[in-house]
Amino acid sequence: MSNLIKAENLSFTYPAAGERLALPVFENLTLEIAEGSFTAVIGPNGCGKSTLAKHFNAVLLPTGGKVYVAGMDTADEEKLLEIRCQIGMVFQNPDNQIVANVVEEDVAFAPENLGVPSPEIRKRVDDALKTVGMYEYREHAPHLLSGGQKQRIAIAGVLAMQPRCIVLDEPTAMLDPRGREEVISTITRLNREQGITVVLITHHMRETVGADRVIVMHKGGILTDGSPREVFSQVELLRKAGLDVPQTTDLLYSLRGAGWELPLDALTPQECAEAIRDAGSAFLPRGTNTDRPFIPDDAEQRPRQGVPILELKDLTHIYSAGTPFEHTAVSHIDLAFHAGELTGIIGHTGSGKSTLIQHLNGLLKPSSGQVLFQGQDIWKDKQFTHSIRGRVGLVFQYPEYQLFEETCWKDIAFGPKNQGITGDELDARVRRAASFVGISERQLEKSPFDLSGGQKRRVAIAGVIAMEPDVLILDEPTAGLDAAGRDSILENIKAYQQAQNAAVIMVSHSMEEVAELCSRLIVMNKGCVAMDGAPAEVFTHVEELTEMGLSVPQVTSVFARLRAMGLDLPADVYTVRYAVARLQERKEGRPC
Amino acid sequence: MLKDITLGQFFPGKSIVHRLDPRTKLLLLIVYIVALFMAKSWCSYGLVLAFLIAVTCLGRIPFKSMTRGLKPMLVFIIFTAVLNLFYTKTGTLLVDWWIFEIWSDGIITAFFMVMRIMMLVCGTFLLTYTTSPIALTDAMERLMNPLKKLHVPVHELAMMMSIALRFIPTLIEETDKIISAQKARGADFETGSLIRRAKALIPILVPLFVSAFRRADELATAMECRCYHGGEGRTRLKVLHYAFIDLIAFLVGAALLAGVIVLRRFGL
């Protein structure tokens, strides 16, 4: 296979701007992308992967070295359009790359720019839309589509240029699991069926499994490069760089640490299950396990006593009631939350979870039913409703986009100030909140707009924590963060919950995340509560969850497969730690 | 709450009005407005109104959506009516109470002014209801093409307009989100003095501007990646063609204008 993209001794430095010094992103990077390959690029935030991608189609030009696309030098201005036609780019935010307000007009944008004759544009647009499966939506307005559909439109817009390669810069970071699946299967198909070269930049390790090659970037250099199996076998190296490994690899790695003889390169749950079965054939008991789901005693029972701190009674919310757009978002919901409880809410976009959480602090008024805070209706009078906002803190999705003050201190102080707190108490609150999320004294004096993405998010979360709410609700607090950023925010949340004995409610798309952190899971589907219980209980319903378009943690599906192979193993496995413990018991011959 | 704004809303359809070339519709709107402003009497107003109703029926636009579109204009319409009612002092004096005087001509002028504004607004709605924003900007670009010789950046203006239209719903949604988020932090937008309320807008406006700039930046990169390099040598997916119905539409428009001029001649 010939090389489509070639970077030779590439160096790049962002020019100095204001107080910021010139920052070399990479030096002497050499890299080749083979025509027809599917390459995944992973790396922690700020490692230079997006900057690298922008060099592939001459949006950025190297400050040193050369980049060649199909033999053309990207610095050659005459070849600019030709290069951009060959290498299509899809970005993270689906909204910010759609130009027109009709789907087909947007897809036509690139060929229009290239001066393609109208009948030919028509054909290209129709072909591109059919390829991504969005042909029926050609006359729709893009802002009414789902995130996954918008991203497919963006891919179609690039396909209409008839490129040889598509570079996707975290195309799934803002999507829900269903949207992710749509996008990944679309690009996989493009690569397999049409032979289009794909370069996929991502944070989600699961998405890299289908690639031919994984490049791991770290601090502007290439840490390791090879097939997914080769790369993910290097668990220690990846961990040190602040990266995740797929849960399957993590499981195999942990078992190896416990003395099992296992290969590290089984990536899919099926392969992983087969490897465990083969390695444990001597001692894994056969038969059907009928144990009741194991419920850890520190969860479930303890906090569920006394008056719940928040209670929903027969809650229904109907948007635009009485108009043709009437839409029931949640219906007849009964739920209670207790202090000290850490609850995860899962469900795909449109399942009603966002509507649900906006009722908890009185941002939305129920169409019918009640919301009770410590037994009192939060809508009983205006003052009480307003005071609830301080008692029930709500951190929205991408909270960093709501920062507005000159310094982080002032921004964090906004919430408590609105509660009427002033002087030393205010200062103490701000500092306390900042220390919870790991924002230093020095950073407090800085403008929030000078911080990195992950730090901005911490400041925004601190802004809600500073109100010292009894209930803390977070809507996808880790969306778009890398593994290191995600882990530390989750730790912060846990620390707050324990220090304040607060009830924490976290909405998430990541099953692994809620499985690890929460003691209770609520699954929303079509505006109703579909399941409610300890993770161990919820994750035994593998089939129902899959039917709702939700996935289970990879370890859970590994165990489901092992059980299907006729092994006597429990069904309630949802974390790697627990999985290893159960398998070890079998190995050492102890009953469980 | 902000989602209720209907700005240039387009109702897709297949009626004759929908199928007209957007340039024709745009020119027809201009003719209509000229006719409306030349109308002076019951007869000529009646003629223009008949035209408006006929086009509304042909376009299969429900009258309800027309009147709904007038709602935000209500204050302005009432203001104009009151102003004309009390400031016209000819004809016969009908009411004389305290400082208020109402003259017969005042009632007639107020009525005509209100009719004029409402018909103007409805006419414009008719255009935006039956023409997609993209067709409209396309038509403007084509109609203003001769101005390019005078170095007017016609293509850029049209592009800016269509991008603005594209991002209005996105930014409205974003504003809603920011308002909710600041409310969740205890911000209060509904009480206090005017200055306090104006100050309360800062936590909304700053993030909104920051986000708009970020979006603009990302959009510019995305456009560049899709080979955008100005209007030079651009082709279009949908090329505008005048058809036979456009000719008829022009004739009807000319007849309307001629009718009003003739009526005016005869002092009607």
Side-chain angles (χ1 to χ4, degrees), chain A residues 54 57 59 80-81 84-85 88-89 91 93 95-102 104-105 108-118 121-122 125 139 141-144 154 157-158 161 358 361 363 386 389-390 393-396 399 401-405 414-419 449 463-464 467, chain B residues 3-4 10 12 132-135 138 159 162-163 165-170 172-174 177-188 190-191 202-211 214-230 232-239:
Chain A
K54 284 181 180 158
N57 71 342
V59 170
L80 187 68
L81 286 186
R84 291 200 175 143
C85 282
M89 278 268 238
F91 296 92
N93 190 330
D95 278 318
N96 297 354
Q97 50 189 324
I98 292 176
V99 186
N101 41 18
V102 181
E104 60 176 7
E105 295 276 357
F109 184 69
E112 285 179 346
N113 290 331
L114 294 166
V116 174
S118 304
I121 298 182
R122 180 82 259 168
V125 168
E139 284 175 354
H143 70 271
L144 299 176
V158 163
M161 297 195 290
Q358 289 190 51
N361 73 340
L363 277 178
H386 192 76
R389 307 255 164 92
L394 172 56
V395 180
F396 274 82
Y401 294 158
Q402 288 118 37
L403 299 174
F404 68 98
E405 276 287 9
F414 182 67
K417 237 160 108 186
N418 285 329
Q419 285 177 292
F449 299 105
V464 174
M467 301 195 291
Chain B
K3 277 178 199 144
D4 301 335
F10 169 52
S132 75
I134 213 149
D138 209 12
M159 184 52 88
S162 71
I163 288 175
L165 284 168
R166 149 77 185 85
F167 275 90
I168 285 170
T170 309
I172 287 177
E173 205 177 298
E174 175 132 40
K177 230 187 258 166
I178 295 173
I179 291 177
S180 300
Q182 306 298 26
K183 265 193 189 162
R185 292 211 273 166
D188 183 3
E190 277 119 35
T191 55
I202 294 174
I204 299 171
L205 292 179
V206 173
L208 192 61
F209 272 97
V210 171
S211 129
R214 196 190 62 245
R215 283 182 193 281
D217 194 40
E218 286 179 19
L219 183 71
T221 312
M223 284 170 73
E224 241 188 279
C225 288
R226 284 161 76 185
C227 300
Y228 181 70
H229 55 280
E232 204 77 15
R234 256 191 125 224
T235 47
R236 301 308 306 262
L237 168 66
K238 286 179 184 155
V239 186

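Basis for what follows: all heavy atoms, side chains included, without hydrogens, waters or symmetry-related copies. A note on names: the letters A, B, ... follow the listed sequences, proteins ahead of strands, and every chain is numbered from 1.
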Can you tell me how far [atom2] of [Y] sits from [atom1] of [X], rounded to the nearest 0.5 angstrom?
| X | Y | atom1 | atom2 | value |
| --- | --- | --- | --- | --- |
| B:H229 | A:R84 | NE2 | CZ | 11.0 Å |
| B:R214 | A:N93 | CZ | CG | 7.0 Å |
| B:I178 | B:I204 | CD1 | CD1 | 8.0 Å |

Check for a donor-acceptor pair, side chain of A:N57 on one end and backbone N or O of A:G88 on the other, with a separation under 3.5 Å.
->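 Here the side-chain-to-backbone pair does not exist.
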State whether the side chain of A:S118 and the backbone N or O of B:R236 hold a donor-acceptor pair below 3.5 Å, judged by distance alone.
->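 Indeed, once roles are kept as given, a pair shorter than 3.5 Å links the two residues.
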Which one wins on heavy-atom pair count under 4.5 Å against chain B: [options]?
| options | value |
| --- | --- |
| A:D95, A:L394, A:N361 | A:D95 |
| A:V102, A:V395, A:L403, A:V59 | A:L403 |
| A:K54, A:Q358, A:E105, A:Q97 | A:E105 |
| A:G157, A:P142, A:A154, A:P117 | A:G157 |
| A:M89, A:M161, A:Q402 | A:Q402 |

Checking [X] against chain B: side chain, backbone, both or neither under 4.5 Å from a heavy atom?
| X | result |
| --- | --- |
| A:I98 | both |
| A:V125 | side chain |
| A:F91 | side chain |
| A:P111 | backbone |
| A:L363 | side chain |

Segment of B:F167 engaging chain A (4.5 angstrom heavy-atom cut-off) =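 Contact with chain A is through the side chain of B:F167 alone.
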Residues B:R226 and A:N113: side-chain donor-acceptor under 3.5 angstrom |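 Not at all, the side chains of B:R226 and A:N113 share no donor-acceptor pair under 3.5 Å.
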When B:S211, B:G233, B:P203 are compared by non-hydrogen pairs under 4.5 Å with chain A, the top option =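 Most pairs with chain A among the choices: B:P203.
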Would you say the ring centroid of A:Y401 lies under 6.0 angstrom from that of A:F396?
->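 When the ring centroids of A:Y401 and A:F396 are compared, they turn out to be at least 6.0 Å apart.
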All ring pair (Phe, Tyr, Trp, His ring centres under 6.0 Å) counterparts of A:F109, not counting sequence neighbours =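 Scan of A:F109 (ring pair (Phe, Tyr, Trp, His ring centres under 6.0 Å), adjacent residues dropped) gives B:Y228.
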